[in-house]
Chemist: 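Can you keep this structure in mind? I'll have questions shortly.
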Amino acid sequence: MASREAAKHMKSNEHGGAIINMASTRALMSEPDTEAYAASKGAIVALTHALAVSLGKDQIRVNCISPGWIETGDVQKLKKEDHEQHPSGRVGVPSDISRACLYLSDPSNTFVTGTNLVIDGGMTRKMIYED
């Protein structure tokens with residue numbers, strides 16, 4: 001388990017450290033026939049808060065990021081509707097996630113631990129009804 005190995009190294013650092021796990025918004029919502037994927041992402045979220053409680057005494061912060069749709073290819077090739085369905089008005093890009101990693105790993109953010117940061121352009125907060 002990568003988090004446990006990282007924690008061993010951080011325990012020797014007097015300032016602790018930060019572990020950032022990656023889950024998915026599928027830990028919070030599902031499509032048909034995605035049970036195993038949803039369960040595995042939910043397990044990462046649970047592992048995150050459990051480790052945060054266990055490692056807090058060592059000044060090790062453990063947080064999680066649950067990305068939604070993050071386009072790693074050519075964003076310009078997406079349809080207008082792809083972007084418009086997001087309350088933010090666009091599909092995510094990798095830099096949206098990297099900025100969150102910088103925030104969570106910043107040593108001055110010592111009060112942020114055990115959280116699951118959902119970065120999905122607002123999609124998990126939007127009610128969707130089929131016509």
Side-chain angles (χ1 to χ4, degrees):
M1 179 182 317
S3 295
R4 285 270 184 211
E5 290 303 312
K8 285 181 187 178
H9 295 290
M10 286 182 221
K11 284 182 178 184
S12 62
N13 179 357
E14 68 180 87
H15 301 291
I19 297 171
I20 303 169
N21 294 322
M22 288 291 164
S24 169
T25 54
R26 293 301 170 105
L28 308 170
M29 58 185 197
S30 297
E31 294 276 339
D33 304 314
T34 61
E35 295 83 2
Y37 187 77
S40 68
K41 298 308 174 177
I44 292 170
V45 174
L47 174 66
T48 297
H49 63 73
L51 282 172
V53 171
S54 296
L55 299 175
K57 65 185 176 301
D58 297 308
Q59 297 181 27
I60 299 172
R61 301 175 320 281
V62 186
N63 291 291
C64 181
I65 295 176
S66 286
W69 183 351
I70 303 299
E71 182 58 48
T72 59
D74 188 354
V75 166
Q76 302 303 320
K77 291 183 179 179
L78 297 176
K79 296 179 287 189
K80 180 179 175 184
E81 294 81 17
D82 294 332
H83 295 285
E84 289 177 344
Q85 69 179 313
H86 291 77
S88 65
R90 67 177 179 85
V91 172
V93 294
S95 60
D96 293 317
I97 304 306
S98 63
R99 283 191 303 275
C101 289
L102 290 172
Y103 168 75
L104 292 173
S105 62
D106 186 315
S108 64
N109 290 329
T110 59
F111 200 61
V112 181
T113 193
T115 194
N116 176 35
L117 183 57
V118 176
I119 303 174
D120 70 346
M123 286 298 288
T124 55
R125 299 298 179 225
K126 180 179 174 183
M127 294 183 72
I128 300 172
Y129 296 99
E130 294 185 31
D131 292 330

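Worth knowing before you read on, the calculation uses all heavy atoms, side chains too, and leaves out hydrogens, waters and symmetry mates.
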Chemist: Without swapping roles, check the side chain of Thr113 against the backbone of Val62 for a donor-acceptor pair under 3.5 Å.
Modeler: yes

Chemist: State, with a plain yes or no, whether a side-chain heavy atom of Ile65 is found less than 4.5 Å away from one of Cys101.
Modeler: yes

Chemist: Is there a side chain to side chain contact (heavy atoms under 4.5 Å, CB included) between His86 and Trp69 once you walk through the steps?
Modeler: CA-CA 10 Å; His86 291 77; Trp69 183 351; 3.8 Å; yes

Chemist: Report yes or no: do Val91 and Ile70 belong to one cluster of Ile/Leu/Val/Met/Phe/Trp/Tyr joined by side chain heavy-atom distances under 4.5 Å?
Modeler: no

Chemist: List the residues meeting side-chain hydrogen bond (donor to acceptor under 3.5 Å, both in side chains) with Asp120, not counting sequence neighbours, and say none if there are none.
Modeler: Thr124

Chemist: Sort and list the pairs that fulfil side chain to side chain donor-acceptor pair (under 3.5 Å) and have at least one residue in residues 32-51, not counting sequence neighbours.
Modeler: Asn21-Thr48

Chemist: For Thr115 and Leu117, indicate whether the former's side chain and the latter's backbone hold a donor-acceptor pair under 3.5 Å.
Modeler: no

Chemist: Can you establish whether the number of heavy atoms outside Lys57 located under 6.0 Å from its atom NZ is more than 12?
Modeler: yes

Chemist: Thr72 versus Pro94: any side-chain heavy-atom pair under 4.5 Å?
Modeler: yes

Chemist: Do the side chain of Lys11 and the main chain of Leu55 share a donor and acceptor less than 3.5 angstrom apart?
Modeler: no

Chemist: Consider only side-chain heavy atoms of I, L, V, M, F, W and Y, link residues closer than 4.5 Å, and tell whether Leu47 and Ile20 are in one cluster.
Modeler: no

Chemist: Whether Asp96 and Arg90 form a salt bridge (side-chain N of Lys/Arg under 4.0 Å from carboxylate O of Asp/Glu) is what I want to check.
Modeler: yes

Chemist: Quick one: closest heavy-atom pair of Ala23 and Cys64, and the distance?
Modeler: CB-SG, 3.6 Å

Chemist: Picking from Asn109, Ile19, Val112, what satisfies side-chain contact (heavy atoms from CB on, under 4.5 Å) with Asn63?
Modeler: Val112

Chemist: Sorted by first residue and then second, give each salt bridge (Lys or Arg N to Asp or Glu O under 4.0 Å) pair with at least one member in residues 64-73; sequence neighbours left out.
Modeler: none

Chemist: Closer than 3.5 angstrom, by distance alone: can the side chain of Asp106 be matched with the main-chain N or O of Ser108 as a donor-acceptor pair?
Modeler: yes

Chemist: Can you tell if the side chain of Leu78 reaches within under 4.5 Å of the side chain of His83, non-hydrogen atoms only?
Modeler: yes

Chemist: How long is the span from the CZ atom in Arg61 to the CD atom in Gln59, to the nearest 0.5 Å?
Modeler: 9.5 Å

Chemist: Provide the closest heavy-atom pair for Val45 versus Ala27 in the form atom of the first, atom of the second, distance.
Modeler: CG2-CB, 4.0 Å

Chemist: Using every non-hydrogen atom in the two residues, find where Ile97 and Met22 come nearest and quote the distance to one decimal.
Modeler: CG2-CE, 3.7 Å

Chemist: Applying the 4.5 Å side-chain criterion to the ILVMFWY set and letting contacts propagate, would Ile44 and Leu51 be lumped into a single cluster?
Modeler: no

